[in-house]
Amino acid sequence: MVQHSTGRQPLRWCLAAAVFLAFAYGSLLTATLAGWSLVPAGADRLREGLDSLVISAVLGIAAVGGARRIVNRPFQSPWLLIALLIPAYMALELAGVIR
């Protein structure tokens, strides 16, 4: 049986929170930059911002997955779907579905 030291657990949670916040901020910033365009909302604007949305999704997955790995949780979990909230919202906004 593996012995875990309880003294390092609060440090792991603080580090996980810092990693999550840093990557989530990068995801939010990248998704927001996808929306800055002179092209009217619709399919053309969505195509123009698609690369930024993919980068935003990758940063979001790094935020959630990285934080989970730091606190010794499995990387793959339903929590990774949270990483797609920001890019999905921005994609709907770029397509003109929501304003």
Side-chain angles (χ1 to χ4, degrees):
M1 181 176 272
V2 177
Q3 295 288 332
H4 295 285
S5 69
T6 57
R8 291 188 182 178
Q9 198 63 18
L11 181 62
R12 283 182 183 265
W13 281 98
C14 289
L15 181 61
V19 166
F20 175 78
L21 290 174
F23 280 103
Y25 179 73
S27 174
L28 181 64
L29 182 66
T30 306
T32 303
L33 290 176
W36 290 39
S37 174
L38 298 176
V39 178
D44 292 334
R45 189 168 181 185
L46 181 60
R47 250 182 261 118
E48 183 180 284
L50 190 61
D51 54 346
S52 295
L53 294 176
V54 169
I55 293 170
S56 175
V58 169
L59 287 172
I61 289 171
V64 175
R68 287 185 55 80
R69 288 300 300 150
I70 289 171
V71 293
N72 290 328
R73 300 279 199 267
F75 181 82
Q76 294 179 341
S77 74
W79 286 102
L80 286 177
L81 294 175
I82 291 176
L84 302 177
L85 288 177
I86 295 171
Y89 175 80
M90 197 58 173
L92 291 174
E93 188 174 317
L94 290 177
V97 175
I98 55 176
R99 299 206 183 251

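These numbers come from a predicted model, not from an experiment.
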Donor-acceptor contacts under 3.5 Å from residues 76-94 side chains, at least two apart:
{"from": "Ser77", "atom 1": "OG", "to": "Arg68", "atom 2": "NE", "distance (Å)": "3.2"}
{"from": "Ser77", "atom 1": "OG", "to": "Trp79", "atom 2": "N", "distance (Å)": "3.2"}

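- When every heavy atom of Phe75 is checked against every heavy atom of Gly66, the shortest pair comes out as CE1-N, 4.2 Å.
- Leu53 and Ala34 get closest at one heavy-atom pair: CD2-CB, 4.2 Å.
- With hydrogens and angles ignored, the 3.5 Å screen pairs a side-chain donor or acceptor of Arg45 with a backbone N or O of Gly35.
- Between atom CG of residue Leu21 and atom CG of residue Leu28 there is a gap of 11.5 Å, rounded to the nearest 0.5 Å.
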Taking only distance into account, with no hydrogens and no angle test, what donor-acceptor pairs under 3.5 Å do side-chain atoms of residues 54-63 form with protein atoms, sequence neighbours excluded?
{"from": "Ser56", "atom 1": "OG", "to": "Ser27", "atom 2": "O", "distance (Å)": "2.8"}
{"from": "Ser56", "atom 1": "OG", "to": "Ser27", "atom 2": "OG", "distance (Å)": "2.9"}

